[in-house]
Visitor: 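Got a structure for you, questions after.
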Protein chains: 2
Amino acid sequence: MVSARRVLVGSVAVGGGAPISVQSMLKCDPHDAKTSLRQLKRLQRCGCQIVRMAVPDQNSIPVLAELVKRSSIPLVADIHFQPLLALLAIDAGVAKVRINPGNMTRSGQIQVLRQASQAGIPLRAGLNSGSLPKGLLALDLPGQLVEGAERFLHLAREVGFEQLIFSLKASHASDTIEANRRFAQRYEYPLHIGLTEAGPLPEGLVHSALACQPLLAEGIGDTLRISLSAPPEIEVLAALALLEGMSLRPSRLRLVSCPTCGRTRQPLAPLLSAVRKLSPEIQRPLTVAVMGCEVNGPGEAAAADLGLIWMGGKIGLFRDGALIRTVERKGLLHALRQEIARLP
Amino acid sequence: MVSARRVLVGSVAVGGGAPISVQSMLKCDPHDAKTSLRQLKRLQRCGCQIVRMAVPDQNSIPVLAELVKRSSIPLVADIHFQPLLALLAIDAGVAKVRINPGNMTRSGQIQVLRQASQAGIPLRAGLNSGSLPKGLLALDLPGQLVEGAERFLHLAREVGFEQLIFSLKASHASDTIEANRRFAQRYEYPLHIGLTEAGPLPEGLVHSALACQPLLAEGIGDTLRISLSAPPEIEVLAALALLEGMSLRPSRLRLVSCPTCGRTRQPLAPLLSAVRKLSPEIQRPLTVAVMGCEVNGPGEAAAADLGLIWMGGKIGLFRDGALIRTVERKGLLHALRQEIARLP
């Protein structure tokens, strides 16, 4: 069921059996180059492979062009309503354009298809339940999402352009699953999966997992974004955890940490964030247990590659269940880096 | 596969086809009655049905007794190591005791079983991968969790006590699924499901969903806790979303909200938190869309029962896709309550 066609988004292959890539989107003001660049770098660091930026107006084009130059991961322009913005984004050198066939005229879509074809970049047609094209005949929402995608596909084929990725997103898991299943049964184009308007944490992530897990288990989905009303790094960490948890990509860092309870005397947050900071450097499967007390602490620490437990005002580092050293909180990052390097 | 036996935890039936109940645990200092009570009330309000409290020492017994008196949901004592603490908790009137057979002597376990039997309350034997009983013969972790549970079951049967709930938790989804499947195939006792030490948000929730979704889909699991290194209310919201998303309980509030992007000019957080605050009052299926811009905003707002969109400095309330009123941020809660009451 994995899409047979492969499309290149910059250096990232999507579809045709390529590893499932993780995407997110900038959430800051698209006219603020400095903040945008900072957010982009944070996304790169935490494992985002493709990043999208909203281009709501011409004033955001210079920022887009600046990011294209400075990004080490492919940048995608997110375009609604105005084909001109897509053309300007393509000129600025984006690796892909996402348009929404629900809010662009037919002639506008043709313009964008031609320009993408000339530039040699792919397009994603992103169908959303909240902004479907007018005049669809299908009776149910999954059918409407598929019909909207098909209409765009026919237009693209008329233009002779097939570097296409599709997404069919609803805000409910069942509709999203059904739409993607139907599309994947009929077409070989790569699918970008996820919910639209999934919601905030934690519910939005639960609904996203309920939508994406069954699709991925069936081999549907070539690239993934977990949309959340939350910072974009959270979207990336969630998508990576889903793919790693389903063995669809090699595991790197697995944080095992206790939920804390009345036994926990010191906060786990500083220990968790120290491990998180090191995460981009970890290129091997590594389980780190961050534990709050003596109930499961020693056991989980023994099962993990490294264990961290508060011991009074210091932090104990465990390996194979044995204490190897204690460190001050401010020396934790350095000590962790050392101990990870020493692991067999 | 649903457990045939039913156990009563205070007023909440667990197993035997009863609705799957949602649990969490107090995470504050168990010697601080005021903070504990405040956290308990918050948990009640957000839909928690059974709440557990760690009882690490005798000094926490008076707080436990106070909470038992003032809680409207069943209170469970979480006991490790010392049987005496379980006996004191039972005297204090808890609705259930959870013990960990991995860290209590055989004679201690017998004492607790006898006392629970006399008091007429159920016990949960909570087996955790991080604190397994010594001397298990099974070769794999799921087998060890099942064997640990079986040993406790034999002991309970010797004492003639069968008001039992079991949990078999590992920190990885695959082990947890396998252990619960094996146990459910052999025994009819209610199962409390979840991961142990699942981790922080968002990964911990992804792993929890990957563990609980397949079990629940197979009919395994009578009560659920999603353990997270996060505030306990988040655990409850996540568990409720999972059960509602799987149609295992009637939906109440579904928050549809956009992930925000460069198009979003005003923060969604205050709108989301206003809707969240009303959530305990909502006793009917209700979809509220909290949207950031004009792309999917109007469409999602039309599909939802109510839509909220920033309109300049005010908030627009939409019904059936039409603006019904605009309100100031400070009047939002009141206006929402009114409009929800007016819905057909």
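Order of the sequence lines sets the chain letters (A, B, ...), proteins ahead of strands, with each chain counted from 1. Atoms considered below: every heavy atom in the structure, side chains included; atoms not considered: hydrogens, waters and symmetry mates.
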Visitor: Taking the side chain as C-beta and beyond, is there a heavy-atom pair between B:R265 and A:D29 under 4.5 Å?
Guide: no
Visitor: Quick check on B:R276 against chain A: is it the side chain, the backbone, both or neither that has a heavy atom closer than 4.5 Å?
Guide: side chain
Visitor: Is chain A contacted by the side chain of B:C28, its backbone, both, or neither, given a heavy-atom distance below 4.5 Å?
Guide: backbone
Visitor: Between A:M291, A:M25, A:R263, which has the largest tally of heavy atom pairs under 4.5 Å with chain B?
Guide: A:R263
Visitor: Pick whichever of B:A289, B:S257, B:G199, B:A241 has the most heavy-atom pairs under 4.5 Å with chain A.
Guide: B:S257
Visitor: Heavy-atom pairs under 4.5 Å with chain A - which of B:A301, B:S227, B:A173, B:G102 has more of them than the others?
Guide: B:S227
Visitor: First locate atom CD of A:E197, then atom SG of B:C258, and finally report the distance between them rounded to the nearest 0.5 Å.
Guide: 5.5 Å
Visitor: Is it true that a side-chain atom of A:K27 and a backbone atom of B:G262 form a donor plus acceptor pair closer than 3.5 Å?
Guide: no
Visitor: Where on A:E244 is there a heavy atom nearer than 4.5 Å to chain B: the side chain, the backbone, both, or neither?
Guide: neither
Visitor: Show the numbers, then the answer: is there a side-chain contact (heavy atoms from CB on, under 4.5 Å) between A:V206 and B:L237?
Guide: CA-CA 10 Å; A:V206 170; B:L237 293 175; over 6 Å; no
Visitor: OG of A:S229 to CG of B:L255: how many Å apart, nearest 0.5 Å?
Guide: 8.5 Å
Visitor: Let's test your reading of the structure: which of B:S36, B:P56, B:A198, B:C261 forms the most heavy-atom pairs below 4.5 Å with chain A?
Guide: B:C261
Visitor: Out of A:A54, A:G299, A:P202, return the one with the most heavy atom pairs under 4.5 angstrom to chain B.
Guide: A:P202
Visitor: If you tally heavy-atom pairs under 4.5 Å against chain B, which of A:A209, A:A211, A:P232, A:P200 wins?
Guide: A:P200
Visitor: How long is the straight-line distance from CG of A:L240 back to CD of B:E203, given to the nearest 0.5 Å?
Guide: 9.0 Å
Visitor: Non-hydrogen atoms of chain A under 4.5 Å away: do they reach the side chain of B:R225, the backbone, both or neither?
Guide: side chain
Visitor: Tell me which of these, A:N128, A:N103, A:L195, has more heavy-atom pairs under 4.5 Å with chain B than the rest.
Guide: A:N128
Visitor: Counting only heavy atoms closer than 4.5 Å, note whether B:T264 contacts chain A via side chain, backbone, both or neither.
Guide: neither
Visitor: Atom CZ in B:R254, atom NE2 in A:H172: separation rounded to 0.5 Å?
Guide: 4.5 Å
Visitor: What part of B:H207 is in contact with chain A, defined as an atom under 4.5 angstrom from a non-hydrogen atom: side chain, backbone, both or neither?
Guide: side chain
Visitor: Taking every non-hydrogen pair under 4.5 Å, which of B:T196, B:I226, B:L242 racks up the most with chain A?
Guide: B:L242
Visitor: Nearest 0.5 Å please: distance from the CG atom of B:L132 over to the CG atom of A:N296.
Guide: 9.0 Å
Visitor: Enter the distance from A:L228:CG to B:L201:CG here, rounded to the nearest 0.5 Å.
Guide: 10.0 Å
Visitor: Is A:L26 in contact with chain B via its backbone, its side chain, both, or neither, using a 4.5 Å heavy-atom distance?
Guide: backbone
Visitor: Is it the side chain or the backbone of A:V290 that comes within 4.5 Å of chain B heavy atoms, both, or neither?
Guide: neither
Visitor: Heavy-atom distance under 4.5 Å to chain A: side chain of B:N100, backbone, both or neither?
Guide: side chain
